[in-house]
Amino acid sequence: MQNNCIFCRIIAGEIPSATVYEDKDFKAIMDISPAARGHVIMLSKRHCENLLELDDGTAEKALLVARKLARALKAELNCDGINLLQNNGEAAGQTVFHFHLHLIPRYQGDRISLGWTPGAYGDGEAQALAAALAARL
Ligand code: AMP
Ligand code: ZN
């Protein structure tokens with residue numbers, strides 16, 4: 001627990017939240033400033049800054065819990081789609097530096113924008129980068 005971390009304080013019950021789900025590894029709550037009605041954030045109980053710092057056990061379980069939450073959102077809201085969004089680092093839009101995953105209900109024609117302008121690779125560039133990355137794995 002980090003005293004200056006708002007999500008640690010939520011997990012400790014010091015700051016109120018609308019809780020959707022809780023187990024020994026995760027707590028899922030309603031986002032206080034939702035992108036859409038039903039926007040949920042899933043917090044790791046253990047403090048770690050982001051995905052890169054996450055321990056194996058929590059990382060392995062994260063998608064199972066996310067799937068459970070996604071199914072509940074779909075059943076309750078009958079949304080057309082759901083985005084999973086997980087920001088790592090300020091440059092990626094992370095504002096709370098405690099691992100969390102967003103689940104955002106989506107509807108055909110809604111005005112939520114998570115998009116980008118598609119880029120392109122030069123000749124051989126994607127292959128070279130893939131090889132460089134593969135060498136690090
Ligand atoms: P990120 O930009 O990925 O770090 O997302 C942080 C999210 O936490 C934002 O969507 C905030 O609206 C949300 N948030 C911040 N404080 C609270 C809080 N006290 N309760 C619920 N959600 C929060
Ligand atoms: Zn924390």
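First listed ligand is number 1; within each ligand, the first listed atom is number 1. Values below: all heavy atoms of this structure, side chains included; hydrogens, waters and symmetry mates excluded. The model shown is predicted, which means the values in this text are computed figures rather than measured ones.
Side-chain atoms of F26 and T58, non-hydrogen and from C-beta on, do get closer than 4.5 Å to each other. V20 has its side chain out of reach of K27: every pair of non-hydrogen atoms, C-beta onward, lies at least 4.5 Å apart. Between V40 and D31, the closest side-chain pair of non-hydrogen atoms is not below 4.5 Å. Looking at heavy atoms from C-beta onward, V96 lies in side-chain contact with I6 at the 4.5 angstrom threshold.
With hydrogens left out, the protein atom closest to atom 11 (C) of ligand 1 is D31 OD1, 3.4 Å, a heavy atom. When hydrogens are left out, the protein atom nearest atom 22 (N) of ligand 1 is I32 N, 3.1 Å; that is the closest non-hydrogen contact.
Residue contact check: I6 has heavy atoms under 4.0 Å from atoms 16 (N), 19 (N) of ligand 1. Interface atoms of ligand 1 facing S33, defined by a heavy-atom separation under 4.0 Å, are 12 (O). For ligand 1, the atoms closer than 4.0 angstrom to any heavy atom of H102 are 1 (P), 3 (O), 5 (O), 7 (C), 10 (O). When each atom of ligand 1 is checked for a heavy atom of H100 under 4.0 Å away, the hits are 1 (P), 3 (O), 4 (O), 5 (O), 6 (C). Every atom of ligand 1 is numbered from 1 in the order shown, and the set under 4.0 Å from a heavy atom of N87 is 1 (P), 2 (O), 3 (O). Per-residue contacts place M30 under 4.0 angstrom from the following atoms of ligand 1 (heavy atoms of the residue considered): 21 (C).
Using a 4.0 Å cut-off between heavy atoms, T95 contacts ligand 1 through both its backbone and its side chain. Counting heavy atoms under 4.0 Å from ligand 1, residue I29 touches it through the side chain alone.
Checking side-chain atoms of R37 against main-chain N and O of P105 turns up no donor-acceptor pair under 3.5 Å. Side chain of Q94 to main chain of G89: a donor-acceptor pair is present (N/O by atom type, distance under 3.5 Å, no hydrogens or angles).
Metal site remark for the Zn ion (ligand 2): C8 contributes an N, O or S atom at a distance under 2.8 Å.
Some N or O of V96 is nearer than 3.5 Å to an N or O of ligand 1, by distance alone. At a 3.5 angstrom cut-off on N or O pairs, H39 does not count as close to ligand 1.
The number of heavy-atom neighbours closer than 6.0 Å to CG of L63, taken from other residues, nucleotides and ligands shown, is 12 or below.
Side-chain contact, N88 with Q86: a donor N or O sits under 3.5 Å from an acceptor N or O.
At a 4.0 Å cut-off, at least one heavy atom of F7 sits close enough to ligand 1 to count as contact. Residue contacts with ligand 1 include I10, since one of its heavy atoms falls under 4.0 Å from the ligand. Proximity of G93 to ligand 1 is established by a heavy-atom distance of less than 4.0 Å.
In this structure, F7 and H98 have perpendicular ring planes: the angle between them is above 60°, well past the 30° mark.
Geometry about the Zn ion (ligand 2) gives an angle of 100° between SG of C5 and ND1 of H98, rounded in steps of 10 degrees.
A salt bridge links R46 with D55: the distance from a Lys NZ or Arg NE/NH1/NH2 to an Asp or Glu carboxylate oxygen falls below 4.0 Å. In summary, K61 and D25 engage in a salt bridge, as defined by a charged side-chain N under 4.0 Å from a carboxylate O.
The atom of H47 that is an N, O or S and sits closest to the Zn ion (ligand 2) is ND1.
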